[in-house]
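Worksheet: the structure to be examined is printed underneath.
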There are 2 protein chains.
Amino acid sequence: MSEIITEMVKEKINEFIDRSKDLGLKVTPQRIAIYKELASTDQHPSTETIYKKIKDYYPNISLTTVYRTLETFEKLGLISVVNVLYNAARYDANLDPHNHIVCTVCKKVEDVYDASLTTLDISDKTLGEYQIKGYSILLNGVCKDCRSN
Amino acid sequence: MSEIITEMVKEKINEFIDRSKDLGLKVTPQRIAIYKELASTDQHPSTETIYKKIKDYYPNISLTTVYRTLETFEKLGLISVVNVLYNAARYDANLDPHNHIVCTVCKKVEDVYDASLTTLDISDKTLGEYQIKGYSILLNGVCKDCRSN
DNA sequence: TCTTTAATGATAATGATTACTATTTCCAAA
DNA sequence: TTTGGAAATAGTAATCATTATCATTAAAGA
Ligand SMILES: [Mn+2]
Ligand SMILES: [Mn+2]
Ligand SMILES: [Zn+2]
Ligand SMILES: [Zn+2]
């Protein structure tokens, strides 16, 4: 299992490197580390969380670099921001169509795959004044752990 | 028109006062001012914006009070938070079922009334592990002004 | 009116993010 | 393979939004 994940992550990193080159982004060890951490989890980590993980094996990476890099990746569409909480931004390297649910108690963010939520027809509905680009659905509830607490 | 809005707002304020009493909240001039500003607009203002408006006629109101009061109102369900941007929280006194669209350029937030978006069946779908409370849909696009720019 | 307790205002503290700048490093061209 | 220069990084200071603290004030029931 962990082997398979590692292989998948390796693939993703290679794709990431290719895309970086296409985009004219320099491929640095920091950027690879940041992308790798994000691609290795489905936890939607914050900047700080990613920073701490990398610190373990790359002790002199700068928090500033992590902030800047995540922002760069996001602007270029290499990753996405999961805008869920009112404090820290949470990131996601998974670009497959999906939505998220947040536990209102422990603030955990999990993926929700449901075709009926990713295929809403919003083209003509809504405000005619807007040129609609997309939408995101954020569900909220209480997770199993927090219910049994 | 402006007369009619004023009447509607007056009504809302009276309802707000009644609800406050029911909830055991003290009715203070600060609270009335904050609720009034929020009930008078469809712009989804931030704390800072509300604070500045009130300052004009109530110069010694404290920014802290505005923060604290909006949080109190939100916790009690008197208003809602529109979680759209990554910086400041935006509030809404309009509790009718509706969603929001953000202009990705100017960050304006507008209401979207569309029954098909407010009546999604999320009860059984999604993660069985969660006890679902609700959902919010955030559309994004470019507004008319920003397209003609 | 009096009393109690919640609410407020002033200010300090915190947490997340951004700005700045000197130094380093990627990488394309020679 | 070297090398020049632009891009990226690290370290630090600054900023912005929000929260904590605490002494003072005021709403509202007795
Ligand atoms: Mn996700
Ligand atoms: Mn609204
Ligand atoms: Zn939970
Ligand atoms: Zn706009």
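Here is the naming used below: chain letters follow the sequence lines, and residue numbers restart at 1 for every chain.
- As a whole-Å value, the separation of B:E71 CD from D:dA17 C1' is 13 Å.
- Taking atom CG of residue A:L70 and atom P of nucleotide C:dA16, one finds them 14 Å apart after rounding to whole Å.
- A straight line from OH of A:Y58 to P of C:dT25 spans 8 Å, rounded to a whole angstrom.
- Helix-axis bend for the helix from C:dT1-D:dA30 to C:dA30-D:dT1: the local axis fitted to the five terminal pairs at one end deviates from that at the other end by 40°, rounded to 10°.
- Under the side-chain hydrogen bond (donor to acceptor under 3.5 Å, both in side chains) criterion, A:T49 pairs with A:S46, sequence neighbours left out.
- Nucleotide C:dG15 holds its P atom 10 Å from the CD atom of A:E48, rounded to whole Å.
- Every residue meeting the salt bridge (Lys or Arg N to Asp or Glu O under 4.0 Å) condition with B:E71, not counting sequence neighbours, appears here in chain and number order: B:K75.
- Considering only residues two or more places apart in sequence or on other chains, A:T47 meets the side-chain hydrogen bond (donor to acceptor under 3.5 Å, both in side chains) condition with none of them.
- Heavy-atom distances under 4.0 Å link DNA chain D to B:K26, B:V27, B:P29 of residues 23-30 of chain B, given in residue order.
- Listed by chain and number, the residues in a side chain to side chain contact (heavy atoms under 4.5 Å, CB included) with A:K12 are A:Y35, A:A39 (sequence neighbours excluded).
- Nucleotide C:dC26 holds its P atom 11 Å from the CZ atom of A:R31, rounded to whole Å.
- Side-chain atoms of B:Y58 and B:Q30 form a donor-acceptor pair, as typed in the model, at a separation below 3.5 Å.
- Remark: B:K108 pairs with B:D145 by the salt bridge (Lys or Arg N to Asp or Glu O under 4.0 Å) rule, at least two apart or across chains.
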Scan nucleotides 20-22 of chain C against the protein and return all N/O pairs shorter than 3.5 Å with their distances rounded to 0.1 Å.
none

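- Computed from coordinates, the A:N60 CG to D:dT9 P distance equals 12 Å when rounded to whole Å.
- The CD1-P distance, from A:I61 to D:dT9, rounds to 8 Å in whole Å.
- Judged as a side chain to side chain contact (heavy atoms under 4.5 Å, CB included), and not counting sequence neighbours, the contacts of B:K21 are B:I17, B:V27.
- With sequence neighbours left out, the side-chain hydrogen bond (donor to acceptor under 3.5 Å, both in side chains) criterion links B:R68 to B:T65.
- Listed by chain and number, the residues in a side-chain hydrogen bond (donor to acceptor under 3.5 Å, both in side chains) with B:D92 are B:H44, B:H98, B:H100 (sequence neighbours excluded).
- Contact annotation: B:Y67 side-chain N/O to D:dT18 OP1/OP2 distance is under 4.0 Å.
- Applying the ring pair (Phe, Tyr, Trp, His ring centres under 6.0 Å) criterion to A:F73, with sequence neighbours excluded, gives A:F16.
- Using a 4.0 Å heavy-atom distance criterion, B:S46 is classed as making no nucleic acid contact.
- Between B:K26 and B:R31, the shortest heavy-atom contact is O-NH1, 2.9 Å.
- In this structure, A:E74 atom CD and C:dT17 atom P are separated by 13 Å, rounded to whole Å.
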